Amino acid sequence: MRLATWNINSIRTRVSRAVDFAVREDIDVLAFQETKCKPEQFPYEPFEEAGYQVEVHGLNQWNGVAIASRLPMTDVRTSFAGQPGFAKGHEGPDAPLEARALGVIVDGVRVWSLYVPNGRSLNDEHYHYKLHWLEALRTATAAELAADPNLPLALVGDFNIIPFDHDNGDPAIVQGFSTHVSPPEREAFFALESAGVTDVVRPLIPEGYTYWDYQRLKFPRNEGIRIDFVLGSKPFADAVTGASIHRDERKGEQPSDHVPVVVDLDFGGGDDDGDLPMIFS
DNA sequence: ATGTCACTAAGCTAGTGA
């Protein structure tokens with residue numbers, strides 16, 4: 001299986017880019033964030049013509065997550081257990097949920113497409129919302145893996161956290177002043193390891209950015225940041241055979257400000273490409 | 001020039017979010 005995650009920053013603006021990438025790169029499962037539309041506005045047809053079915057979760061023009069897959073998707077969920085909601089001046093499990101999580105089972109793998117809240121600034125209520133959201137994600141992930149320790153599970157998406165200093169090439173993002181690099185955010189990110197998931201791309205690609213701001217020539221100057229990740233449970237991580245960050249997708253006409261992150265997986269069985277099984281004798 | 005972009009509601013610009 002070839003699995004990708006991509007903050008597309010409006011699927012309606014970039015549907016051709018998205019489908020072309022999926023086909024060209026032979027992606028089986030492609031998780032999107034920031035689709036920025038309701039299901040009735042989602043451009044299903046180009047995906048279906050290319051052989052992908054799509055699960056969509058979107059409530060309005062903000063956020064929005066989706067998963068396109070060549071393989072059947074089951075057990076679709078539009079939030080994780082205990083996911084906090086948010087409304088102005090009102091945060092927590094009783095507040096309305098935003099469209100930031102979509103989970104499916106595909107080929108025996110639980111895939112969560114996640115768009116972690118942007119903290120905006122260190123003293124903003126969205127910053128506390130972000131930390132609570134991450135803690136709830138940790139709890140929900142630990143519970144899901146406790147219920148099925150052998151489950152190949154992946155948390156993929158835009159985490160809006162820069163885990164290490166060398167993941168930050170943007171001089172405007174400064175420790176002590178900016179979100180994405182604050183110790184509480186980094187602790188929340190690494191705390192996901194205690195739930196049983198690890199970054200499966202990092203060991204294969206130690207350096208590299210996944211996002212460059214549209215403003216101030218950040219891409220030509222390569223002042224990017226690494227905030228898009230694939231975190232996998234042990235059964236998932238053990239199946240990883242390769243990874244790639246598709247920097248070229250930041251180039252050309254109307255790019256997203258994020259690029260896709262791809263992981264190759266081999267769960268054994270010898271039949272991961274739809275062809276007849278290999279016979280060894 | 002913060003060297004930008006996408007969304008909506010209401011109009012051809014302002015407000016919001018990133």
Side-chain angles (χ1 to χ4, degrees), chain A residues 5-19 21 31-43 46 56-66 84-91 95-102 113-134 156-163 167-174 177-182 185 188-189 209-229 247-261:
Chain A
T5 182
W6 195 1
N7 181 320
I8 195 68
N9 185 19
S10 172
I11 191 61
R12 287 178 289 176
T13 297
R14 274 174 267 287
V15 60
S16 294
R17 267 191 106 110
V19 173
F21 173 79
F32 293 108
Q33 301 84 40
E34 284 211 83
T35 45
K36 290 188 168 176
C37 67
K38 301 173 189 176
E40 59 265 34
Q41 300 171 307
F42 195 96
V56 171
H57 182 40
L59 299 171
N60 50 44
Q61 71 269 43
W62 307 124
N63 315 308
V65 280
F86 187 89
K88 209 163 190 177
H90 182 42
E91 186 217 327
L97 297 192
E98 298 183 304
R100 295 183 176 277
L102 179 67
S113 180
L114 302 172
Y115 179 45
V116 176
N118 184 311
R120 302 195 181 187
S121 65
L122 297 179
N123 55 7
D124 195 294
E125 57 185 342
H126 290 87
Y127 177 79
H128 302 286
Y129 170 46
K130 178 181 193 174
L131 294 178
H132 294 154
W133 202 94
L134 287 161
V156 312
D158 176 1
F159 285 77
N160 270 317
I161 295 169
I162 301 169
D167 296 330
N168 181 19
D170 186 341
I173 299 174
V174 181
F177 294 91
S178 308
T179 60
H180 296 63
V181 293
S182 73
E185 288 167 279
F189 181 79
Y209 307 136
T210 63
Y211 166 95
W212 296 258
D213 197 308
Y214 288 121
Q215 300 185 58
R216 285 157 284 179
L217 293 172
K218 293 293 186 190
F219 185 61
R221 294 175 186 275
N222 197 28
E223 295 179 344
I225 58 178
R226 182 163 174 156
I227 57 177
D228 300 272
F229 301 100
R247 190 181 190 281
D248 285 354
E249 283 299 328
R250 187 62 178 77
K251 301 176 180 176
E253 292 295 311
Q254 285 201 299
S256 170
D257 39 7
H258 296 250
V259 296
V261 178

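Quantities reported herein were computed from a predicted structural model and do not represent experimental measurements. Note on naming: letters A, B, ... go to the chains in the order of the sequence lines (proteins, then strands), and numbering restarts at 1 for each one. Every heavy atom of this structure was used, including side-chain atoms; hydrogens, water molecules and symmetry mates were not.
- The nearest whole Å value for the distance from the CD1 atom in A:I11 to the C1' atom in B:dC5 is 16 Å.
- In this structure, A:W212 places its CH2 atom 19 Å from P of B:dT4, rounding to the nearest Å.
- Contact check, A:R216 against B:dC5: no side-chain N or O comes under 4.0 Å of OP1 or OP2.
- Looking only at atom types and distance, the side chain of A:N160 has no donor-acceptor partner in the side chain of A:R120 under 3.5 Å away.
- Counting to the nearest Å, the P atom of B:dT16 and the CG atom of A:D124 are 13 Å from each other.
- Nearest-nucleotide mapping onto DNA chain B: of A:L217 and A:N160, the residue sitting toward the 5' end is A:L217.
- Remark: A:S10 is not in phosphate contact with B:dA18, judged by side-chain N or O atoms under 4.0 Å from OP1 or OP2.
- Counting only heavy atoms from C-beta outward, the side chains of A:K38 and A:L59 never approach each other to under 4.5 Å.
- Contact annotation for A:F219: no contact, since no heavy-atom pair falls under 4.0 Å across all strands.
- Of the candidates B:dC5, B:dT8, B:dA18, B:dT8 carries the atom nearest the A:R12 side chain, counting heavy atoms from C-beta on.
- B:dG15 and B:dA10 have their P atoms separated by 14 Å, with the value rounded to a whole Å.
- Between the side chain of A:Y214 and the backbone N or O of A:D257 there is at least one donor-acceptor pair closer than 3.5 Å.
- Comparing atom distances between the A:R100 side chain and each of B:dA18, B:dA6, B:dG3 picks out B:dA18 as nearest.
- As rounded to whole Å, 10 Å separates atom P of B:dG17 from atom CG of A:N63.
- Rounded to whole Å, atom C1' of B:dG17 lies 14 Å from atom CD of A:E125.
- As rounded to whole Å, 11 Å separates atom P of B:dA6 from atom CD1 of A:I8.
- Among the atoms of the strands shown, only primed sugar atoms or phosphate atoms (P, OP1, OP2) are found under 4.0 Å from some heavy atom of A:Q61.
- Taking the side chain of A:K36 as heavy atoms from C-beta on, and the options B:dT4, B:dA18, B:dC7, the nearest nucleotide is B:dC7.
- Taking atom C1' on both nucleotides, B:dT2 is separated from B:dA18 by 13 Å, rounded to a whole Å.
- Position along DNA chain B of the nearest nucleotide to A:R14 versus A:N118 favours A:R14 as the more 5'-ward residue.
- Separation of the C1' atoms belonging to B:dC7 and B:dG11 is 15 Å when rounded to the nearest angstrom.
- Using modelled atom types, no side-chain atom of A:T35 and backbone atom of A:A66 make a donor-acceptor pair closer than 3.5 Å.
- Among the atoms of the strands shown, only primed sugar atoms or phosphate atoms (P, OP1, OP2) are found under 4.0 Å from some heavy atom of A:Q41.
- Note: A:F21 and A:W6 meet the aromatic proximity criterion, with ring centroids under 6.0 Å apart.
- Protein atom NE2 of A:H258 is 12 Å distant from nucleotide atom C1' of B:dC5, rounded to whole Å.
- What separates CG of A:D257 from P of B:dG17 is a distance of 17 Å, to the nearest Å.
- For A:R120, the listed nucleotide lying nearest its side chain is B:dG17; candidates were B:dG3, B:dG17, B:dC7.
- Residue A:Q254 has its side chain nearest to B:dA6 when only B:dT4, B:dT8, B:dA6 are considered.
- Between A:F229 and A:F189, the ring center distance clears the sub-6.0 Å criterion.
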